[in-house]
Amino acid sequence: QVQLVESGGGLVQAGDSLRLSCTTSGRTFNRWQMAWFRQAPGKDRDIVAVIGRNANTYYADSVKGRFTISRDNPKKTMYLQMNNLKPEDTAVYYCAADTSAILTTPLNTRPYDYSHWGQGTQVTVAS
């Protein structure tokens, strides 16, 4: 059974940095496409960043230049380094896995493209 566990959220000031981690239980993590989504109160769950099997990446325009997604396959862990945080980054951040991805799978940005989800970690950025 695949399990995803996020950590690293918290309360920070605008301009600060945080690093989120998503630790997984899957033996074939290196084959998965992974993503970070976020959801603010009363809003939809939106894509933040995606990392493919080949470590190719996609970023939402709102986080380009500030956030970096990465993966450590031997540790079965994905990261999101968030720099220069803004109050509008406040949300619950979720990691997601597409465990059926193949080499030609495009970098998907829609929640329903992902089969497994973590429980979420709260990020709050004070102004």
Side-chain angles (χ1 to χ4, degrees):
Q1 183 176 355
V2 174
Q3 290 185 321
L4 309 177
V5 179
E6 301 99 335
S7 61
L11 170 63
V12 296
Q13 298 294 314
D16 286 350
S17 298
L18 277 176
R19 189 176 81 155
L20 304 183
S21 300
C22 173
T23 303
T24 78
S25 62
R27 293 191 297 173
T28 56
F29 173 78
N30 60 300
R31 301 179 188 174
W32 302 348
Q33 182 173 129
M34 301 293 295
W36 288 99
F37 288 80
R38 66 186 181 187
Q39 188 166 21
K43 296 189 176 182
D44 293 336
R45 189 169 295 189
D46 293 328
I47 189 66
V48 175
V50 183
I51 187 163
R53 293 176 49 163
N54 295 329
N56 47 330
T57 58
Y58 165 90
Y59 295 94
D61 288 343
S62 58
V63 306
K64 279 182 183 176
R66 300 188 298 124
F67 290 11
T68 302
I69 190 171
S70 62
R71 64 193 299 162
D72 186 330
N73 288 338
K75 293 184 178 180
K76 301 176 186 177
T77 301
M78 173 180 67
Y79 303 98
L80 185 68
Q81 177 67 42
M82 305 186 294
N83 297 329
N84 189 23
L85 282 160
K86 303 176 180 180
E88 52 264 42
D89 295 319
T90 295
V92 177
Y93 284 69
Y94 297 91
C95 71
D98 174 5
T99 59
S100 62
I102 59 176
L103 284 174
T104 55
T105 299
L107 295 180
N108 291 316
T109 61
R110 300 165 300 187
Y112 61 78
D113 288 317
Y114 292 86
S115 53
H116 295 81
W117 292 83
Q119 81 289 350
T121 185
Q122 177 70 46
V123 172
T124 303
V125 184
S127 58

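- Side chain to side chain, Asp98 and Ser100 meet the donor-acceptor criterion of an N or O pair below 3.5 Å.
- Taking OG1 of Thr109 as the start and OH of Tyr114 as the end, the distance is 7.5 Å to the nearest 0.5 Å.
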Inset, instruction - Please lay out, stage by stage, how Arg38 and Leu80 fare under the test side chain to side chain contact (heavy atoms under 4.5 Å, CB included). - result: CA-CA 12 Å; Arg38 66 186 181 187; Leu80 185 68; over 6 Å; no
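- Looking at every heavy atom in both residues, Met78 comes nearest to Ala35 through CE-O, 3.4 Å.
- Residue Val123 comes nearest to Gly9 through the heavy atom pair CG2-CA, 4.1 Å, listed as atom of the first residue, atom of the second, then distance.
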Inset, instruction - Could you give me the CA-CA distance, side-chain angles and deciding distance for Trp32 and His116, then say whether side chain to side chain contact (heavy atoms under 4.5 Å, CB included) is met? - result: CA-CA 11 Å; Trp32 302 348; His116 295 81; over 6 Å; no
Inset, instruction - Evaluate the criterion side chain to side chain contact (heavy atoms under 4.5 Å, CB included) for residue pair Val92 and Phe37; output intermediate values, then yes/no. - result: CA-CA 8 Å; Val92 177; Phe37 288 80; over 6 Å; no
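- For Asn84 against Arg66, the heavy-atom pair with the smallest separation is O-NH1, 3.0 Å.
- The existence of a salt bridge linking Lys86 and Asp89 is excluded, since no basic side-chain nitrogen approaches an acidic carboxylate oxygen closer than 4.0 Å.
- Val48 and Leu107 fall into different hydrophobic clusters, defined by Ile, Leu, Val, Met, Phe, Trp and Tyr side-chain heavy atoms under 4.5 Å apart, directly or through other members.
- The backbone N or O of Lys76 lies less than 3.5 Å from a partner atom in the side chain of Thr24, making a donor-acceptor pair.
- The CD atom of Gln39 sits 5.5 Å away from atom OH of Tyr94, with the distance rounded to the nearest 0.5 Å.
- With rounding to the nearest 0.5 Å, the separation of OG1 in Thr68 from CE in Met82 is 11.0 Å.
- Closest approach of Thr90 to Gln122, counting heavy atoms only: CG2-NE2, 4.0 Å.
- Note on Leu4: it clusters hydrophobically with Tyr93, by side-chain heavy-atom contacts below 4.5 Å among ILVMFWY residues.
- Summarising the geometry of Trp36 relative to Tyr79, their closest heavy-atom pair is NE1-O, 3.3 Å, with the distance given to 0.1 Å.
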Inset, instruction - Would you check, one step at a time, whether the test side chain to side chain contact (heavy atoms under 4.5 Å, CB included) holds for Thr28 with Thr99? - result: CA-CA 8 Å; Thr28 56; Thr99 59; over 6 Å; no
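- The distance from atom CZ of Phe29 to atom SG of Cys22, rounded to the nearest 0.5 Å, is 7.0 Å.
- Formation of a donor-acceptor pair under 3.5 Å by the Glu6 side chain with backbone atoms of Cys95 is found in this model.
- Across Gln33 and Thr105, no two heavy atoms sit closer than the pair NE2-CG2, 3.5 Å.
- A cation-pi arrangement is present between Arg45 and Trp117, with the terminal nitrogen or guanidinium carbon under 6.0 Å from the aromatic centre and inside a 45° cone about the axis.
- In this structure, CG in Asn73 is found 10.0 Å from CZ in Arg53, a value given to the nearest 0.5 Å.
- Between the OG1 atom in Thr23 and the CD atom in Gln3 there is a gap of 11.5 Å [rounded to 0.5 Å].
- Counting heavy atoms from C-beta outward, Gln1 and Ser25 have side chains that stay 4.5 Å or more apart.
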